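Since the structure comes first, as structure tokens, the remarks are kept for the end.
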Amino acid sequence: MFALVDGNNFYVSCERVFRPSLVGRPVVVLSNNDGCAIARSNEAKALGVRMGHPWFQCRHLEAQGLVALSANFALYGDMSDRMMSLVAHHAPRQEIYSIDESFLDFTGIRGNRTAIGHALREQVLTWTGLPTCVGFGATKTLAKLANHVAKTAERKPGLYPPELAQVCDFGRLSDEQLDAVFAATEVGEVWGVGRRIGTALVESGVRTVLDLKHADPAALRRNFSVVLEKTVRELQGTSCVDLDDQPRQKQQIMVSRSFGQGVLRLEDLNEAVSTFAARAAEKLRLDASAAGAVLVFIRTSPFRASDAQYSGSVTVPMVQPTSDTGRIVRAACNGLRQIFRPGFRYAKAGVMLVDLGSEGQSQGELDLEPTEIDRSRLMAVMDGVNQRFGRGSLSMASTGTIGPARQWGMRQERRTPDYTTSWRDIPIVRA
DNA sequence: TCTGGGGTCCTAGGACCC
DNA sequence: TCTGGGGTCCTAGGACCC
């Protein structure tokens, strides 16, 4: 038996903890560059704001009270840590699946799960201020679906029995009750069924979750893939995806950004790519990993149809796997020079570290060149300084300086303070 | 004017091997 | 006219997730 605990409208809820006046109002959190809506309060959903809705297309709703905030990931990450550590206490094993969701292993846990779920919710709400919903199911796919039902029953009364709101335990429903819930749920709500496969399923007559549960797994494997076959078996109650509570070493590390305005010059791109490469190298060392190659890409904006379009990328192999910021930045900049074409208005660039392996497990190199000094201690010092005095305190010269001169900088006009992660921004309570 | 960022997994197809 | 059979490995692209 699995549980899935998921924050409601997570980013919006984090903002509301520190600005209670936003409770009950339509609120959205915008992506980087204040580009589009990536989180919406229930009230904002009711106004018709979609996930990924471009802000310039829905900002007229400000007249109806819609509040938009720039994404504050430092805040959300910290609130997530608080929530996760509380949730972890309710079961022997926890898998943190995303910033706002974790699976719990409820195998062998006795008692009324619905009551346990409500107690967990209450604790998280009281201790962190974050509302959550809890779903229980015999497989991870079922637990995800139960969580969806718990949320939807709370938000849109009428579709599901009201007692399933907030906490929904499929294990307590009879076969008939469960089938009724499945029949009322569109197939696209199932974990692993996205837009493409959802459309194909509906066209073949599989409209609801119940239809999918009764589909032939072998046929789905033939027509789609083994992934969908597993999904159906999980819907039928056979667990195919285990709980994974061991954080694995990442297989790739990416840092990319869209620019606040179009960028034309190689020098500006070079600054951006250097910055992204340096940040990626930091993440790499945090993972105790080393990169065998560095991929760089740049591209124009596909939304500016009148602009000439270009997209280029190149993978630069490293002589030896490394986590050294200097080498990685150099490789990225070399790659950039290979793919840069003048005369385009660039909208985005990124650096991806690939061929990752554990630090110190790399193959040795025949020592034909004079040995470079071991810079791992330098990196440790750099990370230490930046940890203590803030990101960017020590940086490579090629990343340029932070400030308005930075052509490629991000637009963030509605950012809230770092309430929980910066001394400067600690809220002050007045009686 | 203005459209996010960071991941994983699977599959098909090509290169290459004997 | 007509050109084998059986593998492995790698990559690019596409699907999905949040």
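These numbers come from a predicted model, not from an experiment. Reminder, nothing fancy here: chain letters follow the sequence lines and each chain counts from 1. Values below: all heavy atoms of this structure, side chains included; hydrogens, waters and symmetry mates excluded.
- Distance alone, capped at 3.5 Å, is enough to place a donor-acceptor pair between the N72(A) side chain and the P417(A) backbone.
- Using a 4.0 Å cutoff on non-hydrogen atoms, the parts of residues 45-54 of chain A near DNA chain B are P54(A), ordered by number.
- Both M410(A) and V226(A) lie close to DNA chain B; mapped to their nearest nucleotides by heavy-atom distance, the more 5′-ward contact belongs to M410(A).
- The residue from R257(A), M352(A), M254(A) that alone fulfils the side-chain contact (heavy atoms from CB on, under 4.5 Å) condition with F276(A) is R257(A).
- Nucleotides dC17(B) and dG4(C), compared at atom C1', are 14 Å apart to the nearest Å.
- The residue I253(A) sits close only to the backbone: its heavy atoms come under 4.0 Å of sugar-phosphate atoms, none of a base.
- Using modelled atom types, no side-chain atom of S422(A) and backbone atom of D418(A) make a donor-acceptor pair closer than 3.5 Å.
- Contacts classified as side chain to side chain donor-acceptor pair (under 3.5 Å) and involving residues 344-353 of chain A (residues at least two apart or in different chains) are given here: D307(A)-R345(A).
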Practice task
Check the pair W191(A) / F103(A) against ring-ring contact (aromatic ring centres under 6.0 Å, His included), numbers first and verdict last.
Solution key: CA-CA 14 Å; W191(A) 190 35; F103(A) 288 102; 5.7 Å; yes
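- Extent of DNA chain C lying under 4.0 Å from chain A heavy atoms, first and last nucleotide in 5' to 3' order, is dA15(C) to dC18(C).
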Donor-acceptor contacts under 3.5 Å from residues 196-203 of chain A side chains, at least two apart:
| residue | atom | partner | partner atom | Å |
| --- | --- | --- | --- | --- |
| T199(A) | OG1 | R195(A) | O | 2.7 |

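- Using a 4.0 Å cutoff on non-hydrogen atoms, the parts of residues 93-105 of chain A near DNA chain C are Y97(A), S98(A), D100(A), E101(A), ordered by number.
- As judged by a 4.0 angstrom heavy-atom cut-off over every strand, R248(A) is placed among residues making no nucleic acid contact.
- With K144(A) contributing its side chain and V190(A) its backbone, the two residues share no donor-acceptor pair below 3.5 Å.
- Near-neighbour residues of DNA chain B inside residues 254-267 of chain A, defined by a heavy atom below 4.0 Å, number-ordered: M254(A), V255(A), S256(A), R257(A), S258(A).
- Contacts with DNA chain B (heavy atom under 4.0 Å) in residues 275-302 of chain A: K283(A), listed by number.
- Only V190(A), W191(A), G192(A), V193(A), G194(A), R195(A), R196(A), I197(A), listed by number, bring a heavy atom of residues 187-200 of chain A to less than 4.0 angstrom from any atom of DNA chain C.
- Contacts of E267(A) classified as salt bridge (charged side-chain N to carboxylate O under 4.0 Å, His left out), with partners at least two apart in sequence or in another chain: R265(A).
- Applying the side chain to side chain donor-acceptor pair (under 3.5 Å) rule to pairs touching residues 18-42 of chain A yields N9(A)-N42(A), D34(A)-S70(A), S41(A)-E43(A), sequence neighbours excluded.
- With respect to D324(A), the side chain to side chain donor-acceptor pair (under 3.5 Å) criterion is satisfied by exactly one of R330(A), R285(A), R375(A): R375(A).
- Side chain of T152(A) to main chain of V149(A): no donor-acceptor pair is present (N/O by atom type, distance under 3.5 Å, no hydrogens or angles).
- In this structure, Q123(A) CD and H118(A) NE2 are separated by 15.0 Å, a value rounded to the nearest 0.5 Å.
- Between Q246(A) and E95(A) there is no side-chain heavy-atom pair separated by less than 4.5 Å.
- Classification of D287(A) and K283(A) as a salt-bridged pair fails, no side-chain N sitting under 4.0 Å from a carboxylate O.
- Between D242(A) and K140(A) there is no salt bridge, since none of the side-chain N atoms of the basic residue sits less than 4.0 Å from a carboxylate O of the acidic one.
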Practice task
Go ahead and write out DNA chain B as dot-bracket, 5' to 3': ( ) for pairs within the strand, [ ] for ones crossing earlier pairs, | when the partner sits on another strand, dots for unpaired; Watson-Crick or G-U wobble, both distances under 3.5 Å.
Solution key: ....||||||||||||||
Practice task
In sequence, state the C-alpha distance, the side-chain angles, and the governing distance for R414(A) and V67(A), and then conclude on side chain to side chain contact (heavy atoms under 4.5 Å, CB included).
Solution key: CA-CA 10 Å; R414(A) 305 148 177 274; V67(A) 176; over 6 Å; no
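- For the atom pair CD of Q166(A) and OG1 of T114(A), the computed distance is 12.0 Å after rounding to the nearest 0.5 Å.
- With DNA chain B read from its 5' end, the first of the two nearest nucleotides for S225(A) and N32(A) is the one closest to N32(A).
- Side-chain atoms of E234(A) do not come within 3.5 Å of backbone N or O of T139(A) as any donor-acceptor pair.
- Distance alone, capped at 3.5 Å, places no donor-acceptor pair between the E101(A) side chain and the L4(A) backbone.
- Not counting sequence neighbours, D425(A) has no partner by the salt bridge (charged side-chain N to carboxylate O under 4.0 Å, His left out) test.
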